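To keep things clear, I will list the structure first and then write my remarks on it.
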Amino acid sequence: MHTDFSTTLRTHRCGALRAEHAGQRVRLGGWVHRARNLGGLLFVDLRDLSGLVQVSFDPQRTPRELCDLAASLGNETVVLVEGTVVLRPDAMQNAELGTGQVEVHASGLRIVSPAAVPAIPVARAKGENLPAEDLRLRHRYLDLRRTELQANLVLRHRLMQVTRRHLSERGFLEIETPILTKPTPEGARDYLVPSRVHEGEFYALPQSPQLYKQLLMVAGLDRYFQIARCFRDEDLRADRQPEFTQIDIEASFIGVEDVIALTEGLVGALWREAGFTTPAQFPRMTYADAMERYGCDRPDLRYGLEIREVSDVFRDTEFGIARTVLAQGGRVRGIAIPGGAALSRKQVDEIEAAAKSAGAAGLVRLKNNGGQLEGPAAKFLGEGTAARLGLEDGALGLYVAAGDRVANPALDRVRQDVARRLGLVSESDHAFLWVTDFPLFDRDPETGALASVHHPFTSPRADDIPLLDTAPERVRANAYDVVFNGTELGGGSIRIADPALQSRMFGLLGIDEATAQARFGFLLEGLRAGAPPHGGIALGFDRIAMMLAGADSLRDVIAFPKTTAARALFEGAPSPVPPDDLRDLHITVTRPSA
RNA sequence: GGGGCCGUAGCUCAGUUUGGUUAGAGCACUCGACUGUCACUCGAGAGGUCGCGGGUUCGAGCCCCGUCGGCCCCGCCA
C-alpha cells in the first residue's frame, strides 16, 4: 500500500500523522473541517481524504498575523499549513481520532481558496440527520466530502482493482465493447441515441455487452471480462439505477461447473478485500427446490421458515377454502413459525396484508396454544393435526391455499416479513447460494406464449433437449444465479454454440427467421463461423459494493447517481436541447396537447 | 402507469390533530467575550414566498383541488 503522499506542496496527508512523526516539520493541505477559538488559543481541524488532524495556533509561539488569519477561517476553506508535529500531553489526547496523540503547531498558513458557507453541512453535529437526499445530490461535491461516502468510493475502487487482478491472473482479457450499439427489441427499454449522419436511425446504449462478449468467444479471445457500464430505461428503486456497472465475464471451452468455481473465487476475493470471509464453495439449490421451499428464486438462507406443503392435512375436511382450491388442483402450503403465537393479532393482520398485496386471497392461521389448535380452520381439523403440521406448542402456522403462481410470491413475502418481525435476520451473517437449473422458458399465463427466463442465447440442458418440442416449459437451462442474503448478485448461463439450435430457439420464442436475422443476424452469422462452447456470468458491481460498504442505497456507492425519477440533480440532466441541435439530428419533439 | 410518505430559516426539525396575537428551537452564519479545546463555552444579532398555483373562510403553515420535487413500494427491469 502506497503511503508516501508527499508532493511539492505537502509532506504528508493530514490523517497520517502519528506519535512517530513528533518533532518533524510538516506541510499539509486540506479543508478547514471545524475551528475552535478559545480566545487567543485556536484549534483548526484540518481534513483531507485520509482524515483529520488538529492544528493549533497559540499566541505565545505563533506570530500575531498568523493567529488573526487563522481566526478568520471559515469552514471548508482550503489551506496550506506549515508546522511542527508535537506529541500532545496525556490529558489532551483524543482517542477518537487516528491522529489524536499529536497536533501540529502552526508556523505558516496560506489560504488557497476561501469557501462559501456550505449549502449543506460537511461537519455534522453528533446525532444530526443527514440533509435531504435531493440536497445531497444537488451539492454532491459537498456530500462527497463526508468520510462515509469517501470510504465507500475507496472501497469501490479496491473492489474494482481486485476484480481486475483476480481475472487478469486467470488469463481473462479486459476488452471494451461499444457504448453505441444496436437497439434490442426485447427486454428492458433502451436508451436511444439519434444518428446525425443517418437520418431517422438510432443507436442504443447497451443493456449488457451480451452479444459482443459471445462474438469475442467466436473470435477466439478465449477469456474476456469487462467492468461494463450498462443502461436500462426502466423505473428506479433503491437498488436500481438507469446506468449501472456489471462485472461481465465470458469464457470458452467451459461448462457450468467452471463458471461456478470461477465465480466463487472472484466473490471470495471481493469479500476478503472488504474484510469478510466466504466459504470455498457455496451451497447449491435447484430452481424447483428454491420455489418449493422458499417461494422465490433467490431465497435468503440466513433463517429457516421453510415452506411445507400440508395439502394432505386439509384433504377430505369440510374447510371450504381448502376444499375448493384442492379440487381445482391447487395446494395448501405454508410456514410453521416456532414461537409465532406471540405475534399479536395486529401483527398477523399486517403480515396477511403483505401476502394479499402479493396476490394471495388471505392466510389460514393456526396456532398451537398448549397443545390446543386454535384458529378459524381448527374446528375442521382432527386430533393430532398440530403434529402433522409441525406446529409445536407456541407455534403459529400461516398457510396459503392457491396455485403455486399465487402462493409462491405470497409465501415469500410472509417468510421475509415474519423473519424481520421476529428478528431472525442477522446482518452479520453471509449466506451465499447458487440457484441452478432454471427453466429455459416461462409461459405467459394470458397469451400462452413462451418467453426466455434468462435470455434467448441460453442453452438447454442436454438431457432436456428432447422436451423442446413436446413440453418446452419443462426444459431446464444451463443457467445459474448466485445469491447473497436474499439478493441476486448475478447470473449467467452456458450459451448456445450451435447455430441450428439457436435458430430453433428463436422459433420456439415466436421469432421468425426474418426477424431473428434483423435483430440478431450478426450473432447467428458468428455462430455459423465456428463457435466454441462458451458461457459466463454478469455480477452486479454496484450492488456488491453497496452490500460490502454496508450502504442502504446504491446512490451511496456511486459518485454521481440519478434520482428515482432518473434525473441527475447536480448537473441537471436530462435537459432540453436547442432547436438547431434537434434539427441536425432530424428529431422533432411533440408534446401531448393540453 | 398505480399506491404510500415527505416538503416550514442555509441545514436538521417542532408547530398542522381542534384554522385565530408578531411562525419557534438546535446547528450554521455575523458581532462580542473567553489561552487546552476536540459537537469548546457564554452573550447578542441577522436570517422565512411555511415547495408552487388556485379555492373555501372574517381569517389558512394548518382545510379542499391541482401542480412540482424527493424518497419507498407495485407494475416494469429478456
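All chains are named by letter (A, B, ...) in the order of the sequence lines, taking the proteins before the strands, and each is independently numbered beginning at 1. Note that the structure is predicted; figures quoted are calculated from it, not measured.
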Regarding [X], tell me which of base, sugar-phosphate or nothing describes its non-hydrogen contacts under 4.0 Å with the strands shown.
X        : answer
A:Gln93  : base
A:Ala451 : nothing
A:Arg519 : nothing
A:Glu76  : nothing
A:Leu135 : sugar-phosphate

> Taking the inter-plane angle between the rings of A:Phe506 and A:Phe520 on a 0 to 90° scale, is it parallel (under 30°), tilted (30 to 60°) or perpendicular (over 60°)?
Replying inline: parallel
> Between A:Phe457 and A:His455, what is the ring plane arrangement, given parallel below 30°, perpendicular above 60°, and tilted in between?
Replying inline: tilted
In Watson-Crick or G-U wobble terms, both distances under 3.5 Å, what is the partner of [N]?
N     : result
B:G47 : none
B:C62 : none
B:G7  : B:C68
B:A23 : none

Does [X] make a side-chain N or O approach to OP1 or OP2 of [N] shorter than 4.0 Å?
X        : N     : answer
A:Arg36  : B:C40 : yes
A:Arg232 : B:A78 : yes
A:Arg88  : B:C38 : no
A:Thr563 : B:G70 : yes
A:Arg124 : B:G26 : no
A:Asn129 : B:C13 : yes

Specify the separation, in whole Å, of atom [atom1] of [X] and atom [atom2] of [N].
X        : N     : atom1 : atom2 : result
A:Leu41  : B:C40 : CG    : P     : 14 Å
A:Arg240 : B:C76 : CZ    : P     : 10 Å
A:Leu142 : B:A28 : CG    : P     : 16 Å
A:Asn37  : B:U30 : CG    : P     : 12 Å
A:Asp235 : B:C71 : CG    : P     : 12 Å
A:Lys562 : B:G70 : NZ    : C1'   : 16 Å
A:Asn75  : B:U30 : CG    : P     : 9 Å
A:Arg189 : B:G75 : CZ    : C1'   : 10 Å

Could you measure between the two [atom1] atoms, the one in [N] and the one in [M], and give it in whole Å?
N     : M     : atom1 : answer
B:G66 : B:C73 : C1'   : 24 Å
B:A14 : B:G7  : C1'   : 15 Å
B:C71 : B:A25 : C1'   : 26 Å
B:C34 : B:A9  : C1'   : 29 Å
B:U67 : B:A78 : C1'   : 37 Å
B:C62 : B:G55 : C1'   : 15 Å

> Relative to the 5' end of RNA chain B, which residue comes earlier, A:Asp239 or A:Arg567, by the nucleotide with the nearest heavy atom?
Replying inline: A:Arg567
> So which one's nearest nucleotide on RNA chain B is more toward 5', A:Gln210 or A:Gly40?
Replying inline: A:Gly40
>> Can you confirm whether the side chains of A:Gln517 and A:Glu513 place a donor and an acceptor under 3.5 Å from each other?
In response: no
> Does A:Tyr212 have its ring centroid less than 6.0 Å away from the ring centroid of A:Tyr224?
Replying inline: no
>> Looking at every non-hydrogen atom in both residues, tell me the closest pair between A:Arg13 and A:Asp48 and how far apart they are.
In response: CA-OD2, 3.4 Å
>> Regarding A:Arg136 and A:Asp556, does a basic nitrogen lie under 4.0 Å from an acidic carboxylate oxygen?
In response: yes
>> If you apply the rule side-chain hydrogen bond (donor to acceptor under 3.5 Å, both in side chains), what do you find for A:Thr436 with A:Arg461, and how did you get there?
In response: CA-CA 11 Å; A:Thr436 63; A:Arg461 278 180 48 143; over 6 Å; no
